[in-house]
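Input: a single structure, listed below in structure tokens.
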Amino acid sequence: TYGVIFEADARLVVPNPPDDWAAYSCTLAYYAYRASFDPKCHSSVRLCLEEAVERFPSYASAWALLSLTYIDDVRFRYPFDPIQSPTLIDRALAAADRALELEPLNTRGLQAQMLALYFKREIGAAMRVGRRAMSINPNDTVLTGEYGYRLALSGNWDDGCPLVAEALRRNPG
């Protein structure tokens, strides 16, 4: 996801770009946050993405990344609130669904939908989305790692662990 080709392409082509640099910069800020998982950056990135989808409701990638930030609220406990967590997962699933409605092959949207379903404890549905995402983009190491990890945690160690190992081998970052 963060390799040389991504870096070169990120400067050239943006699928469904908004007509606003600030909205696109939110997606770049998201990837900077994900590189460090710095909780101090998380809330500002989430707010930026919320504003981006409000201003540009057809920006599929922003919807997908917003979904992933909601998921991070729950899985990394930024800040943890057991009462709000189910609501955040529902918001994450709605944002992922919107991303895929706009752009059905959006890898981050599929990843977000898989994770939201997983955290809603809809494991079978999550794994179906993960398989579909892998069939669309088997070279995305972030997706491969997340899908493999969810497979392994769901009890399918024989298929999940090799995917995680492959993702780490291909992208140690």
Nearest heavy-atom neighbours spanning Ser67 and Ala95:
CB-CB, 3.7 Å
Tyr59 versus Thr27: any side-chain heavy-atom pair under 4.5 Å?
yes
Can you list every salt bridge (Lys or Arg N to Asp or Glu O under 4.0 Å) pair that touches residues 92-102, not counting sequence neighbours?
Arg98-Glu101
Within one Ile-Leu-Val-Met-Phe-Trp-Tyr cluster: Leu47 and Val74, side-chain cutoff 4.5 Å
no
Heavy-atom pair with the smallest gap, counting every atom of Thr144 and Pro138:
OG1-O, 3.6 Å
What are the two closest non-hydrogen atoms of Gly109 and Asn106, and how far apart are they?
N-OD1, 2.8 Å
Rounded to the nearest 0.5 Å, what separation is found between the CG atom of Leu110 and the CZ atom of Arg108?
9.5 Å
The test is side chain to side chain donor-acceptor pair (under 3.5 Å); show your working for Asn137 and Thr107 and say whether it passes.
CA-CA 7 Å; Asn137 194 347; Thr107 302; 3.2 Å; yes
Report whether Tyr149 and Phe76 are members of the same hydrophobic cluster (ILVMFWY, side-chain heavy atoms less than 4.5 Å apart, transitive linking).
yes
Which heavy-atom pair separates Leu102 from Ala60 by the least distance, and what is that distance?
CB-CB, 3.8 Å
May I have the step-by-step check of side chain to side chain contact (heavy atoms under 4.5 Å, CB included) for Arg34 and Val45, ending in yes or no?
CA-CA 10 Å; Arg34 287 297 292 218; Val45 168; over 6 Å; no
Who passes side-chain hydrogen bond (donor to acceptor under 3.5 Å, both in side chains) against Arg75, sequence neighbours left out?
Asp72, Glu146
Check: residues 117-134 side-chain donor-acceptor pairs under 3.5 Å, at least two apart:
| from | atom 1 | to | atom 2 | distance (Å) |
| --- | --- | --- | --- | --- |
| Lys120 | NZ | Asp90 | OD1 | 2.7 |
| Arg128 | NH1 | Gly124 | O | 3.4 |

With rounding to the nearest 0.5 Å, note down the distance linking CD1 in Ile71 to CG in Leu66.
10.0 Å
Sequence-distant partners of Glu51, side-chain hydrogen bond (donor to acceptor under 3.5 Å, both in side chains), two or more places apart
none
Please enumerate all residues that pass side-chain hydrogen bond (donor to acceptor under 3.5 Å, both in side chains) together with Asp38, with sequence neighbours excluded.
none
Not counting sequence neighbours, list each pair that qualifies as a disulfide bond (SG atoms under 2.5 Å apart) and has a residue in residues 32-66.
Cys26-Cys48
Heavy-atom closest pair, residues Ile89 and Ala116:
CG2-O, 3.6 Å
From Phe56 CZ over to Ser61 OG, what is the distance, rounded to the nearest 0.5 angstrom?
14.0 Å
Rounded distance [0.5 Å steps], OG1 in Thr87 versus CG in Asp73
11.5 Å
Return the OH to CG distance between Tyr33 and Leu49, rounded to the nearest 0.5 Å.
11.0 Å
Are Leu163 and Trp157 connected in a single hydrophobic cluster, I mean Ile/Leu/Val/Met/Phe/Trp/Tyr linked by side-chain heavy atoms less than 4.5 Å apart?
no
Drop me the distance from Arg46's CZ to Leu68's CG, to the nearest 0.5 angstrom.
13.5 Å
